Amino acid sequence: MITIEQLSNFPKITSKCDISQIIVDTIENENFLIKNGDIICIASKLLSKAEGNFIDLNMIIPSNVAQNIHKKLPRKDPRLIQVIIDQTQDPTGKKLQIGNNFIGAFLPNGLFLTSGGVDKYCDNVVLTLPRNCDEMARKISVRIQQELGIKLAIIITDSDGRIDKAGATQVAVGLYGISGLRKTTFRKKSNVETVCDMLAAASGLMMGQRGQGFPLIKISGYEYDFNPKAKLIDAID
């Protein structure tokens with residue numbers, strides 16, 4: 001049986017910090033039961049704040065490309081559009097997909113995310129994705145094993161809008177300890193599933209959107225082979 005449980009009373013993160021230690025301390029303080037083979041899903045926004053990825057829009061000067069996109073999507077601040085363009089590392093804007101009040105962006109690591117993973121933090125301040133979600137996942141897992149003696153997988157999740165359903169779900173943007181793909185065979189036909197996204201979406205049932213839920217979710221009962229070499233980029237490739 002697969003179970004999903006949230007870590008309650010997680011401290012509010014508002015500035016750069018050692019998030020791995022805070023996670024370990026909170027697990028201990030809240031008597032949150034974890035065991036070998038569990039999977040912990042963590043909201044990327046939590047890690048973005050811990051990494052200090054705050055951008056003041058007042059310091060951003062929109063390019064002509066951003067201004068032209070703003071004309072098509074007036075509800076999007078041209079400064080925000082510029083930040084999204086910057087995340088793609090392509091100033092031409094060719095890595096963006098635009099339509100029906102939607103902006104999606106291809107990031108340098110191959111991920112495609114709504115708004116390039118850029119989230120609003122507060123008035124005139126936005127957050128960008130952690131620079132290396134796989135590495136952050138590894139550090140958290142290693143710290144948990146060092147201090148609590150428990151070996152488990154970590155999946156970093158991000159909210160991703162579905163333009164066809166006018167809503168959002170959770171997808172994996174980083175991982176450690178678990179392969180992002182699952183291969184199955186039925187009637188001699190093979191299928192490849194993005195199990196990392198399935199688990200991320202499952203965590204979204206309790207994680208919620210825009211800080212309304214819980215930033216850290218435990219999934220127990222899903223069987224997998226612990227793989228310290230697994231990376232999300234392998235699943236993308």
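All residue numbers in this chain count up from 1 along the given sequence. Here the structure is a predicted model, which means the values were calculated and not measured. What you see below is based on every heavy atom in this structure, not just the backbone, and it leaves out hydrogens, waters and symmetry mates.
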Residue list, salt bridge (Lys or Arg N to Asp or Glu O under 4.0 Å) with [X], at least two apart or on another chain:
X    : value
E193 : R182
E28  : none
K35  : D38

For the residue pair [X] and [Y], establish whether any side-chain heavy-atom pair is separated by less than 4.5 Å.
X    : Y    : value
I19  : K49  : no
I84  : K76  : no
I40  : I23  : no
I55  : M59  : no
I155 : S203 : no
L47  : I140 : yes

Neighbour count >12 (heavy atoms, 6.0 Å) for atom CG, D225: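 It does not: D225 CG has 12 such atoms or fewer within range.
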Sidechain-backbone polar pair: [X] side chain, [Y] backbone, donor-acceptor under 3.5 Å:
X    : Y    : answer
S48  : T128 : yes
Q82  : S63  : yes
E51  : R131 : yes
D160 : L113 : no
S44  : T157 : yes
S141 : L152 : yes

Shared-cluster residues of L127, by chain and number - hydrophobic side chains joined below 4.5 Å: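 Once heavy-atom contacts under 4.5 Å are chained together, L127 belongs with F54, Y121, V125.
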Name each donor-acceptor pair under 3.5 Å that joins a side chain in residues 2-16 to protein atoms two or more places apart or in another chain, with its distance.
unit_1 : atom_1 : unit_2 : atom_2 : d
E5     : OE1    : K218   : NZ     : 3.3
N9     : ND2    : E30    : OE1    : 3.1

Residues in side chain to side chain donor-acceptor pair (under 3.5 Å) contact with R138, at least two apart in sequence or another chain: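 Applying side chain to side chain donor-acceptor pair (under 3.5 Å) to R138 gives E135.
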